[in-house]
Amino acid sequence: MAEEKKPAPAGGGRANTKKELPEHFKAYKHVWVAVEIEHGEVHSVSFELLGEGRKLADKRGVELGAVVMGDDRASLDAAASACFEYGADCVYIVQDPALKHYRNETSTKVLTDLVNTYKPEILLLGATNLGRDLAGSVATTLQTGLTADCTELAIDDEGSLAATRPTFGGSLLCTIFTLNYRPQMATVRPRVLAMPDREEGRTGKIIEFDPKLVEEDIITKVLDFIADRDTDKANLPYADIVVAGGLGLGSAENFQLVKELAEVLGAEYGGSRPLVQKGWITSDRQIGQTGKTIRPKLYIAAGISGAIQHRVGVEGADLIVAINTDPNAPIFEFAHLGIVADAVTLLPALTDAFAARLRVNRLAS
Amino acid sequence: MHIVVCIKQVPDSAQIRVHPVTNTIMRQGVPTIINPYDLFALEEALRLKDRFGATVTVLTMGPPTAAESLRKALTFGADRAVLLTDRYFAGSDTLATSYALSMALKKVAEEFGKPEIVFTGKQTIDGDTAQVGPGIAKRLDYNQLTYIARIVETDTEAGTIKVERRAEGGLQVLETRLPVLVTMLEASNEMRRGSIENALIAARADVVTWNAAAVGIEDLTKCGLRGSPTIVKKVFAPTARTDKAEIVETEGKADAKAAALVEAIFAKAPAVEQELLEQAAHHYV
């Protein structure tokens with residue numbers, strides 16, 4: 001539904017294209033991460049954001065804060081310690097029975113109240129279902145700018161957050177600022193940012209916040225949680241090896257070749273966006289900006305041309321291997337290793353070659 | 001029961017072509033469609049219509065040509081189409097978009113009855129933000145249900161709705177009170193085909209067309225570029241990496257190529273080979 005934004009005309013004299021931060025926003029200071037906790041566990045994306053938040057806070061010379069919400073003291077304390085060890089200076093703990101499960105209504109109220117009380121200048125959330133559900137409500141309540149699914153965050157010379165994300169369906173990148181409103185909000189997908197090092201024993205300041213929630217006043221009720229069966233869960237973002245296919249495979253049947261190679265390598269498999277649109281794979285296996293962002297040690301892309309929206313989803317991989325018939329395909333611009341070949345004939349041979357190699361070496365060792 | 005489905009007209013190809021030299025978007029000749037995610041919202045609304053005899057209004061904000069997408073929605077069985085169009089909306093970010101749409105929804109409520117459910121898709125394929133739905137919910141003070149995989153139950157008498165919502169690791173079963181804003185997950189249903197009868201009705205139907213003034217927007221600083229707290233400062237193509245892919249050049253059949261590629265991969269990633277060998281050994285012990 002969002003209207004695409006056109007770049008502001010250079011020197012166009014629009015009121016909001018110049019930085020004129022209103023007086024009441026000047027007290028806003030510090031970088032915050034809204035930590036995602038479900039079933040007592042902190043989502044890794046929150047630690048990734050703390051790593052990036054640390055850099056932004058250092059550059060600004062301000063504190064890095066983390067907000068944790070929940071009902072269980074032990075898991076909140078554990079989450080707070082982890083946040084300190086991943087770089088937070090200050091953790092805001094919000095404990096209330098009404099925060100047992102995530103609900104938009106309660107979390108929006110708590111986060112909005114916290115922001116209005118402590119006034120952070122930057123607020124980061126994970127671009128997960130939870131984070132996107134929450135960020136949109138909080139930004140609307142606070143009437144501030146929110147940039148979704150950023151691939152890069154930086155602080156410019158004037159201290160404004162420069163949030164870069166793909167635009168126009170992932171064919172170009174754009175850098176977006178929220179110059180005259182606070183906090184400056186952004187979401188980042190899991191695995192877009194590197195996991196920071198954990199500094200054991202690092203600690204900081206804890207601020208307890210009473211959310212003043214009354215369950216009877218909350219309209220939405222959580223009746224149940226139906227956990228996914230483990231077997232059909234794709235764990236692409238955190239896989240060490242990923243094999244993916246694109247339209248170059250030619251048919252849905254040929255996608256089987258990707259699965260076979262993945263099987264031999266103990267890898268996760270996925271595909272580019274057009275395959276989801278064609279129904280060859282389910283959307284939880286889509287790799288790219290609008291699907292999953294991956295950071296494997298080895299990524300093999302078969303028959304994928306490498307549009308920008310795909311590129312930003314795989315750039316964090318240590319080794320990108322591209323198989324494509326077109327030597328001019330954009331994927332060769334960012335792959336580390338490439339071979340000009342038809343994926344349909346090469347994949348089965350590659351599966352055999354890997355299998356043979358691993359078998360032979362096992363016997364030798 | 002009155003249901004509104006918010007849709008957006010988007011370019012047919014998610015991959016819009018970019019001029020290789022000027023880095024500008026080549027929009028000409030790209031056909032437009034209803035944002036594919038919105039079709040799941042529309043189908044869900046039509047199912048409620050089938051069950052409860054609800055009236056379904058489709059609403060979009062966009063240029064006058066967006067009326068085509070509204071007519072398309074009518075061919076599937078929607079009852080009424082509303083187009084919100086004004087040059088003051090140009091350049092709206094998600095906050096300005098949700099403002100304009102929420103004003104249009106208030107006008108819809110006045111003219112045609114308050115909607116109990118407002119549907120949107122989970123996101124668009126061109127903006128990909130997923131922020132406008134939550135923005136509308138907040139502005140209208142509707143209960144917000146995003147990423148809905150299934151509507152389990154709608155009780156119009158009691159004014160309640162029960163849904164399954166996609167969350168990390170599973171489905172949350174939620175119950176809340178109407179009115180609600182629902183964003184439907186993809187693949188949550190299968191879109192019906194339009195009927196010839198509806199196509200004939202759609203071709204002749206009037207699209208209700210409103211501008212900013214018509215929906216009661218007096219403060220134009222809340223609209224378009226001026227009403228958008230976010231500012232796009234720079235649009236650019238990613239810089240090409242200095243080192244392009246090292247191409248494995250091997251003559252011969254697939255077997256020879258595959259062997260050479262495996263060599264090259266493990267030469268660059270010896271740690272991966274080591275781990276694979278350890279795993280393989282573990283398997284056979």
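For the numbers below, each heavy atom of this structure counts, side chains included, while hydrogens, waters and symmetry mates do not. A, B, ... follow the sequence lines: proteins, then strands. Residue 1 opens every chain. Because the structure is a prediction, the values reported are computed rather than measured.
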Need one label for [X]: side chain, backbone, both or neither, based on atoms under 4.5 Å from any heavy atom in chain B.
| X | answer |
| --- | --- |
| A/Leu265 | both |
| A/Ala139 | backbone |
| A/Val222 | both |
| A/Asp240 | side chain |
| A/Leu350 | both |
| A/Thr164 | side chain |
| A/Thr282 | neither |
| A/Thr144 | backbone |

Step through the shown structure and confirm whether more than 12 heavy atoms of other residues, nucleotides or ligands are within 6.0 Å of OH on B/Tyr142.
-> yes
Do other residues, nucleotides or ligands put more than 12 heavy atoms under 6.0 Å from the CD atom of A/Gln143?
-> yes
Using a cut-off of under 4.5 Å for heavy-atom pairs, which of [options] has the most such pairs with chain B?
| options | result |
| --- | --- |
| A/Gly136, A/Gly279, A/Ser283 | A/Ser283 |
| A/Asp318, A/Ile219, A/Thr178 | A/Ile219 |
| A/Ile218, A/Thr140, A/Leu346 | A/Thr140 |
| A/Gln184, A/His43, A/Glu105 | A/His43 |
| A/Thr147, A/Thr351, A/Ile331, A/Leu173 | A/Leu173 |

Locate the shortest heavy-atom distance separating [X] from [Y]; write the atom from each residue and the value.
| X | Y | result |
| --- | --- | --- |
| A/Asp228 | B/Gly170 | OD2-N, 3.3 Å |
| B/Asp128 | A/Arg165 | O-NH2, 3.7 Å |
| B/Arg165 | A/Asn129 | NH2-O, 3.6 Å |
| A/Ile300 | B/Ile265 | CD1-CD1, 4.4 Å |
| B/Gln172 | A/Tyr102 | NE2-O, 2.9 Å |
| A/Cys174 | B/Val232 | CB-CG1, 3.9 Å |

Min side-chain heavy-atom separation [X]-[Y] under 4.5 Å:
| X | Y | result |
| --- | --- | --- |
| B/Leu276 | A/Arg357 | no |
| A/Leu146 | B/Leu95 | no |
| A/Leu179 | B/Lys233 | yes |

Just how far is it from atom [atom1] of [X] to atom [atom2] of [Y], taken to the nearest 0.5 Å?
| X | Y | atom1 | atom2 | result |
| --- | --- | --- | --- | --- |
| B/Ile231 | A/Tyr181 | CD1 | OH | 8.5 Å |
| A/His336 | B/Glu246 | NE2 | CD | 11.0 Å |
| B/Thr230 | A/Leu161 | OG1 | CG | 12.0 Å |
| B/Leu261 | A/Leu337 | CG | CG | 6.0 Å |
| A/Ile176 | B/Lys234 | CD1 | NZ | 12.5 Å |
| B/Lys162 | A/Leu223 | NZ | CG | 6.0 Å |

Portion of [X] that has a non-hydrogen atom of chain A nearer than 4.5 angstrom:
| X | answer |
| --- | --- |
| B/Glu164 | side chain |
| B/Ala264 | both |
| B/Asn143 | side chain |
| B/Glu175 | both |
| B/Glu263 | both |
| B/Phe266 | side chain |

Of the listed residues (B/Gln9, B/Lys122, B/Glu275, B/Lys253), which shares the most heavy-atom pairs with chain A below a 4.5 Å separation?
-> B/Glu275
Who wins among B/Val180, B/Thr250, B/Thr183, B/Thr176 for the most heavy-atom pairs under 4.5 Å with chain A?
-> B/Thr176
For side-chain contact (heavy atoms from CB on, under 4.5 Å), just list the numbers for A/Asn104 and B/Thr146, CA-CA rounded to whole Å, side-chain angles, deciding distance to a tenth of an Å, and then say yes or no.
-> CA-CA 9 Å; A/Asn104 177 271; B/Thr146 56; over 6 Å; no
Report the C-alpha separation of B/Glu168 and A/Glu41 in whole Å, then their side-chain angles, then the decisive distance to 0.1 Å, and conclude whether the side-chain contact (heavy atoms from CB on, under 4.5 Å) test is met.
-> CA-CA 11 Å; B/Glu168 196 72 27; A/Glu41 293 286 313; over 6 Å; no
So A/Ser137 and B/Gln144, side-chain hydrogen bond (donor to acceptor under 3.5 Å, both in side chains) or not? Walk me through it.
-> CA-CA 9 Å; A/Ser137 302; B/Gln144 174 175 325; 2.8 Å; yes
Would you call B/Arg166-A/Asp133 a salt bridge at under 4.0 Å N-O?
-> no
Can you list the steps and then say if A/Val321 with B/Lys268 is a side-chain contact (heavy atoms from CB on, under 4.5 Å)?
-> CA-CA 11 Å; A/Val321 180; B/Lys268 283 201 183 281; over 6 Å; no
